[in-house]
**Q** 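What follows is a single structure, and I will ask about it in a moment.
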Amino acid sequence: MSRVLIVGAGLTGSLCACLLRRELPNKVNIVVWDKARGAGGRMSTSRSPNNPSCSVDLGAQYISATQYYAQIHSSFYEELLAQDILKPLSAPVEGLMVKEEGMVNYVTPHGVSSIVKHYLKESAGAEVFYNRHVTHIHRKDTGWEVCRKEGSPERFDVVVLTMPVPQILQLQGDVGSLMGENQRRKLEAVSYSSRYALGLFYKADTRIDVPWAAKYVSNNPCIRFIAIDDKKRNLESKVSGPSVVVHTSVPFGIQHLEEEKDAVQPIILEELKKLMPELPKPESVKCQKWRYSQVTRSVADCPGQMTVLSQPLLVCGGDGFTHSNFDGCIESALKVFAVLKSSL
């Protein structure tokens, strides 16, 4: 049995774990590490500290399926629809552009992280650990020794890295020396947009009276998108109260990227007050800095994955090798899995 470490419990990593469990059940021991406190990555759902049933999507807001991807990834969409993890977006979104004829938008009634949690659940038997921040990867005999910020190093036969590309480049140990110069140049050329997100949580009896469930803002230097998250998901409830998510513009995110979240949060709230003066005061607020929000330039000529070393196997994947959406992550997971399947 090969021991496989997947670094990153986002969509690509969780789907890789699921595919390994389904396709190679007797060949692998699967381990997933993530530096965060829970699953999701940029498909992050945050819960109110006062009422766990009140939640907000701080990362991806909804899933857009083009006709092409709806067809080639039909099995993934059908599975998630059958499980009520995805539902068609029916709530009004102001300023939503129709980028392609036949595109269908989906929401996640239980939060966008429910997709990732579904795939982790489907990888039953995989050991999933959070608060495990990988710092070093060393080549040891026919495998890898992986070190983390806290705790003892562990040995693996195969390592799959699915975190943002700049974090791959920051790893210490042997990864840098084993990487070819051409591979390194390609990885260094990858770029991401940056932004902040705010989640606002309200008491159960709060009313937010606006004619839309979500709205794109075009004339504000700070705020680009606002959603009444429970309304967006068609889940308005008297028990949990509403939640609001605010995404900043990319220029604002870049301008304030190196500042502390506590310093940026009041600026965003002040701009929100100008846009929505009637908005009630929230019970609590969560601020999220997305340093690596969406890929603006992916790895060139490496569709879906990059195999840094084949013996022992070290593979990189994630949206940095495709594009930042649901289908981009599926593409990458399928390409990474194909490499694993041919090697294990």
**Q** Can you give me the closest heavy-atom contact between Leu58 and His247, atom names plus distance?
**A** O-NE2, 2.9 Å
**Q** State the NE2-NZ distance between His133 and Lys149, to the nearest 0.5 angstrom.
**A** 5.0 Å
**Q** Looking at side-chain heavy atoms only, is the closest gap between Arg224 and Phe252 below 4.5 Å?
**A** no
**Q** Nearest 0.5 Å, what's the CD1-OH distance between Ile267 and Tyr196?
**A** 8.5 Å
**Q** How far does OH of Tyr202 sit from CD of Glu283, to the nearest 0.5 angstrom?
**A** 11.0 Å
**Q** Nearest 0.5 Å, what's the CD1-CG distance between Ile72 and Asp327?
**A** 7.0 Å
**Q** Just checking, any donor-acceptor pair under 3.5 angstrom between side chains of Ser240 and Asp230?
**A** no
**Q** When hydrophobic residues are tied together by side-chain contacts of less than 4.5 Å, even through go-betweens, does Met306 share a cluster with Ile137?
**A** yes
**Q** Is there side-chain contact between Phe76 and Leu15, with heavy atoms separated by less than 4.5 Å?
**A** yes
**Q** Do you know which two heavy atoms are closest between Gln265 and Cys287, and how far apart they sit?
**A** OE1-CB, 3.4 Å
**Q** Quick one: CG on Asn105 to CG on Leu96, what's the gap to the nearest 0.5 Å?
**A** 5.5 Å
**Q** Return the minimal non-hydrogen interatomic distance between Leu313 and Trp144, and the atom names on each side.
**A** O-NE1, 3.1 Å
**Q** Would you say the side-chain atoms of Thr296 and Ser191 include a donor-acceptor pair closer than 3.5 Å?
**A** yes
**Q** Taking the side chain as every heavy atom from C-beta outward, state whether Val244 and Val56 have any atom pair closer than 4.5 Å.
**A** no
**Q** Mind listing the closest non-hydrogen atom pair of Ala39 and Ser113 along with its distance?
**A** O-CB, 4.1 Å
**Q** Could you walk me through whether Lys273 and Glu270 pass the salt bridge (charged side-chain N to carboxylate O under 4.0 Å, His left out) check?
**A** CA-CA 5 Å; Lys273 195 172 180 182; Glu270 189 60 38; 5.5 Å; no
**Q** Would Ile330 end up clustered with Val336 when hydrophobic side chains under 4.5 Å apart are linked, directly or stepwise?
**A** yes
**Q** So, taking the atom named CD1 in Ile168 and the one named OG1 in Thr162, what distance separates them when rounded to the nearest 0.5 Å?
**A** 8.0 Å
**Q** So Leu200 and Leu269, do their side chains get closer than 4.5 Å, heavy atoms only?
**A** yes
**Q** What I'd like to find out is whether the side chain of Arg233 reaches to under 4.5 Å of the side chain of His110, using heavy atoms alone.
**A** no
**Q** I need the minimum non-hydrogen distance between Pro280 and Ile208, along with the two atoms involved.
**A** CD-CG1, 4.2 Å
**Q** Charged N to carboxylate O below 4.0 Å: is that the case for Arg22 and Glu79?
**A** yes
**Q** Before accepting this row, confirm whether a basic side-chain N of the pair Glu271/Lys274 lies closer than 4.0 Å to the acidic partner's carboxylate O.
**A** yes
**Q** Quick one: are Val190 and Arg297 in side-chain contact, heavy atoms under 4.5 Å?
**A** no
**Q** With a 6.0 Å cut-off on ring centres, are His73 and Tyr77 close enough?
**A** no
**Q** Can you get from Val175 to Leu5 by hopping between Ile, Leu, Val, Met, Phe, Trp and Tyr side chains that sit under 4.5 Å apart?
**A** yes
**Q** Is there a path of hydrophobic side-chain contacts, each under 4.5 Å between heavy atoms of I, L, V, M, F, W or Y residues, that connects Met163 with Leu314?
**A** yes
**Q** Verify, without hydrogens or angle tests, whether Gln172 (side chain) and Gln170 (backbone) share a donor-acceptor contact under 3.5 angstrom.
**A** yes
**Q** Are any side-chain N or O atoms of Ser343 and backbone N or O atoms of Val339, one a donor and one an acceptor, separated by less than 3.5 Å?
**A** yes
**Q** Which pair of non-hydrogen atoms, one from Pro312 and one from Asp157, has the smallest distance, and what is that distance?
**A** CB-O, 3.8 Å
